[in-house]
Amino acid sequence: MTDPRILTVRPEPDQYAWTFGGAPPMARIAPGTVLDLYTEDCFAGRVRSEKDLVSEVCEFPYLNPQTGPFHIEGAEPGDTVAVHFVSIEPARDWAASTTVPLFGALTSTHTTATLQPPLPERVWIWQLDRARGTALFQARDSDIRVELPLDPMHGTVGVAPANLEVRSALVPDAHGGNMDTPEMRAGVTCYLGVNVEGALLSLGDGHARQGEGETCGVAVECAMNTVVVVELLKGVTTPWPRLESDTHIISTGSARPLEDAFRISQLDLVQWLVRDYGFSELDAYQFATQTVEAPLANVCDTNYTCVAKLRKEWLPARETYRGVHARLRETARALRR
């Protein structure tokens with residue numbers, strides 16, 4: 001195996017993208033390239049203490065900066081980009097989480113409007129012990145302290161949308177974007193359908209950890225040093241973002257209301273079983289009904305995201321996505337040696 005090309009990117013503050021679509025590529029890369037990236041947190045690094053309220057230090061809509069986009073040579077509509085996460089590591093010894101007025105699952109919002117005042121703004125600074133792999137929760141209103149394991153992930157991974165659309169980096173949809181699923185961790189391959197020439201891949205929104213649903217709307221937000229391998233599958237379509245780990249295949253769906261996001265993810269999983277695993281549609285529907293796991297990704301963003309995941313050990317021994325996940329896992333192992 002020839003050594004892959006490695007491109008290291010450490011963006012300057014004025015080089016981040018704030019949308020999917022509508023931003024010029026920061027670099028052109030060939031399939032098989034390894035990207036060694038720095039990504040800033042969703043606050044662009046501006047929330048650094050308990051006194052830094054989002055409404056005072058951040059400027060809407062300049063939230064959720066993305067590293068990219070990257071033009072992938074040869075990528076055309078109807079193809080699939082495979083992004084394998086080799087490593088995701090916090091870049092700092094601290095991370096921030098907050099409440100944001102009119103944002104989150106347990107408060108009034110602009111779209112779920114009620115006659116109530118917004119929740120108060122509050123900031124929690126989490127101390128990260130990168131050597132031990134822990135994140136320290138410190139309560140603001142008591143002496144409670146709880147040490148939790150790090151589980152680094154990327155909330156936002158995506159390509160340019162179809163139909164000349166430009167979407168905020170806060171929005172998840174069929175192009176990927178701000179899906180906020182904890183499944184997007186190291187060792188996983190993300191499959192994204194190409195909508196425009198070059199695909200225009202970006203990622204950001206690192207989380208040191210996040211519970212399913214991201215209930216208050218903000219995870220343990222953290223700058224990341226992330227290494228990914230990018231591959232291109234010609235002539236393979238991916239209607240909604242999909243993930244593959246060593247143990248599961250995973251479909252996503254993003255929409256409002258929540259039940260439509262659930263339906264999209266479940267339907268996509270059924271269609272994946274039909275295309276790559278030899279099931280008929282109704283057999284796939286029955287099999288998925290009895291075997292699927294359906295964790296929530298987010299119920300706070302502009303669109304909600306649901307996940308449908310199925311254990312690979314229960315599936316027929318068939319190859320999916322031309323076996324690219326296994327090949328990229330080998331590339332990742334070689335990079336770590």
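Residue numbers count from 1 along this sequence.
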- Members sharing Y304's hydrophobic cluster (side chains within less than 4.5 Å): L258, L296, V299

- Item | Heavy-atom pair of closest approach, residues C300 and G213 | SG-O, 4.3 Å

- Can you tell if the side chain of L328 reaches within under 4.5 Å of the side chain of E231, non-hydrogen atoms only? yes

- Query: So, T80 and T238: side-chain donor and acceptor under 3.5 Å apart, yes or no?
  - Reply: yes

- Message: Looking only at the side chains, is there a donor atom on one of E221 and H207 sitting less than 3.5 Å from an acceptor on the other?
- Response: yes

- Note on the structure: For Q271, the side-chain hydrogen bond (donor to acceptor under 3.5 Å, both in side chains) test, sequence neighbours excluded, returns none

For residues 190-200, which side-chain donor-acceptor pairs fall under 3.5 Å, sequence neighbours excluded?
residue	atom	partner	partner atom	Å
Y191	OH	E244	OE1	2.6
N195	ND2	A160	O	2.9

Distance-only check: which donor-acceptor pairs under 3.5 Å involve side-chain atoms of residues 12-22, not counting sequence neighbours?
residue	atom	partner	partner atom	Å
Q15	OE1	E12	N	2.7
T19	OG1	G21	O	2.8

- Message: Can you confirm if the aromatic rings of Y277 and W314 lie within a centre distance of less than 6.0 Å?
- Response: no

- Message: For residues 22-61, which residue pairs pass the ring-ring contact (aromatic ring centres under 6.0 Å, His included) check, not counting sequence neighbours?
- Response: none

- Note on the structure: Residues passing the salt bridge (Lys or Arg N to Asp or Glu O under 4.0 Å) test with E121, sequence neighbours excluded, are none

- Task: Report yes if some heavy atom in the side chain of V34 is under 4.5 Å from a heavy atom in the side chain of V230; otherwise report no.
- Result: no

- Item | Nonpolar side-chain network containing V274, other nodes, edges under 4.5 Å | none

- Might you work through the side chain to side chain donor-acceptor pair (under 3.5 Å) test for E165 and H175, ending with a clear yes or no? CA-CA 10 Å; E165 287 191 356; H175 67 283; over 6 Å; no

- For R275 against T237, the heavy-atom pair lying closest together: NH1-O, 2.6 Å

- Message: Please enumerate all residues that pass side-chain hydrogen bond (donor to acceptor under 3.5 Å, both in side chains) together with D141, with sequence neighbours excluded.
- Response: R122

- Message: In the structure I gave you, are the side-chain heavy atoms of T67 and V9 within less than 4.5 Å of one another anywhere?
- Response: yes

- Return yes if a side-chain donor-acceptor contact under 3.5 Å exists between W240 and S254, otherwise no. no

- Donor on one side chain, acceptor on other, T156 and N178, under 3.5 Å: yes

- Message: Once ring pair (Phe, Tyr, Trp, His ring centres under 6.0 Å) is applied, do any residues pair with W94, and if so which ones, sequence neighbours excluded?
- Response: none

- Residues at least two apart in sequence or cross-chain that pass side-chain hydrogen bond (donor to acceptor under 3.5 Å, both in side chains) with E183, listed by chain then number, are K309

- Message: Between R256 and T111, is there a side-chain donor-acceptor contact under 3.5 Å, judged purely by atom types and distance?
- Response: yes

- Message: Once rounded to the nearest 0.5 Å, what's the spacing between atom CD of E40 and atom SG of C42?
- Response: 9.5 Å

- Do T331 and H84 meet the criterion of a side-chain donor-acceptor pair at a distance under 3.5 Å? no

- Query: Under the side chain to side chain donor-acceptor pair (under 3.5 Å) criterion, do S265 and S251 qualify, and how do the steps go?
  - Reply: CA-CA 5 Å; S265 64; S251 290; over 6 Å; no

All N/O donor-acceptor pairs, side-chain side in residues 279-289, below 3.5 Å, sequence neighbours left out:
residue	atom	partner	partner atom	Å
S280	OG	D283	N	3.2
S280	OG	D283	OD2	3.3
Q286	OE1	Q290	NE2	3.0
T289	OG1	Y285	O	2.6

- Item | Student check: side-chain heavy atoms of P149 and R209 closer than 4.5 Å | yes

- Query: Can you name the residues that form a side-chain hydrogen bond (donor to acceptor under 3.5 Å, both in side chains) with R145, not counting sequence neighbours?
  - Reply: Q138

- Item | Gap separating the CZ atom of F137 from the CD1 atom of I125, nearest 0.5 angstrom | 12.5 Å

